[in-house]
Amino acid sequence: MAQKYRIYINDNTLFITHELPVQVDKIQQIEVEGFDFVLFYEKLKISKKKNYLLLTKNPTAVFKKIRNDLTVIKAAGGLVTNAKGEFLFIFRNKKWDLPKGKVDKGEKVKDAAVREVEEECGVKIEKRNDRICKTYHVYEMGGELILKRTSWYHMTVKGSPKLVPQVEEGITEAVWIAPHEIKAKIKNTYALITDVLKKEKLV
């Protein structure tokens, strides 16, 4: 099974895959030969398109080449369920989000995922389950292009604990959301968060 990659860049998406993605409206195919990500990123600033495609027999090799041109930051987060079957969401930077944060030096990714959720929401994670997926997101920081790779894990807590949002991290709310309320929340979230929820068949 060939790997597929989806890189989010602001409101744009770059697909790297061996076949045309389904259900994607208006996608512009880009020539893989001689593809320069940094140049592509600069052009995005003036482009009106949303979805781009690099079609290749070896998506992993193309992805690795792009990754080597960028500064990689590892992050980890969680999709947390309580005993009532509700999901933990946070409100940060005027959008609904899932708790996540950077992996510290020498820290295991799965440990970072639990630590970040506990710090950002003031809860104790009872159990960390399997990884749901990885998401990729490119942004500019201090003149550098950063590729943030976030590993998402499913987690559970005992009961339905009170949540304490970590205000110093810009989190203004931390709430438990019933499954039927998720659709309303994703009208104001990031595409990569919707991806994580889709993997769990929640949207």
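Everything quoted here is computed from the prediction, not taken from an experiment.
Note on Lys100 versus Glu120: no salt bridge recorded, every NZ/NE/NH1/NH2 to OD/OE distance being 4.0 Å or above. Using a 4.0 Å cut-off between charged side-chain N and carboxylate O, Glu181 and Lys185 make no salt bridge.
Of the possible polar contacts, one joining the Thr189 side chain to the Trp96 backbone as a donor-acceptor pair under 3.5 Å is found. When atom types are taken as modelled, the side chain of Asp104 and the backbone of Ala112 share no donor-acceptor pair closer than 3.5 angstrom. Checking side-chain atoms of Glu118 against main-chain N and O of Ile125 turns up a donor-acceptor pair under 3.5 Å. Asn93 contributes no side-chain N or O that, together with a main-chain N or O of Lys95, makes up a donor-acceptor pair within less than 3.5 Å. Proximity of a side-chain donor or acceptor of Asp36 to a complementary backbone N or O of Leu39 within less than 3.5 Å is detected.
Within 6.0 Å of CG on Asp130 lie no more than 12 heavy atoms contributed by other residues, nucleotides or ligands. Counted within 6.0 Å of NZ on Lys187, heavy atoms from surrounding residues, nucleotides or ligands total 12 or fewer; the atom is thus considered open.
In this structure, Lys45 and Glu140 have side chains that are in contact, with non-hydrogen atoms separated by less than 4.5 Å. The side-chain heavy atoms of Ile66 and Leu14, taken from C-beta on, include a pair separated by under 4.5 Å. The shortest side-chain heavy-atom distance between Val80 and Val123 does not fall under the 4.5 Å cut-off. Side-chain contact between Lys4 and His18: present, with at least one pair of heavy atoms (C-beta onward) separated by less than 4.5 Å. Leu88 has its side chain out of reach of Asn82: every pair of non-hydrogen atoms, C-beta onward, lies at least 4.5 Å apart.
The shortest heavy-atom contact between Glu200 and Ile132 is OE2-CG2, 3.8 Å. Residues Ser151 and Lys134 approach most closely at OG-CG, 3.9 Å, considering heavy atoms. Closest approach of Glu107 to Val103, counting heavy atoms only: O-CG1, 3.4 Å.
Checking Phe63, Tyr8, Trp152 one by one against Tyr136, the ring-ring contact (aromatic ring centres under 6.0 Å, His included) holds for a single residue, Phe63.
Applying the ring pair (Phe, Tyr, Trp, His ring centres under 6.0 Å) test to every pair with at least one member in residues 28-54, sequence neighbours left out, gives these pairs: Phe35-Phe40, Phe37-Phe40, Phe40-Tyr52.
Linking Ile, Leu, Val, Met, Phe, Trp and Tyr residues whenever their side-chain heavy atoms come within less than 4.5 Å places Leu192 and Phe87 in a single cluster.
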* Given the rule in the side-chain contact (heavy atoms from CB on, under 4.5 Å) test, do Lys110 and Arg131 qualify, once you have shown the distances and angles that lead to the verdict? -> CA-CA 8 Å; Lys110 52 193 177 185; Arg131 191 176 72 200; over 6 Å; no
Run the side-chain donor-acceptor check on residues 168-180: report pairs under 3.5 Å with partners two or more places apart or on a different chain.
| unit_1 | atom_1 | unit_2 | atom_2 | d |
| --- | --- | --- | --- | --- |
| Thr172 | OG1 | Phe91 | O | 3.3 |
| Trp176 | NE1 | Pro161 | O | 2.8 |

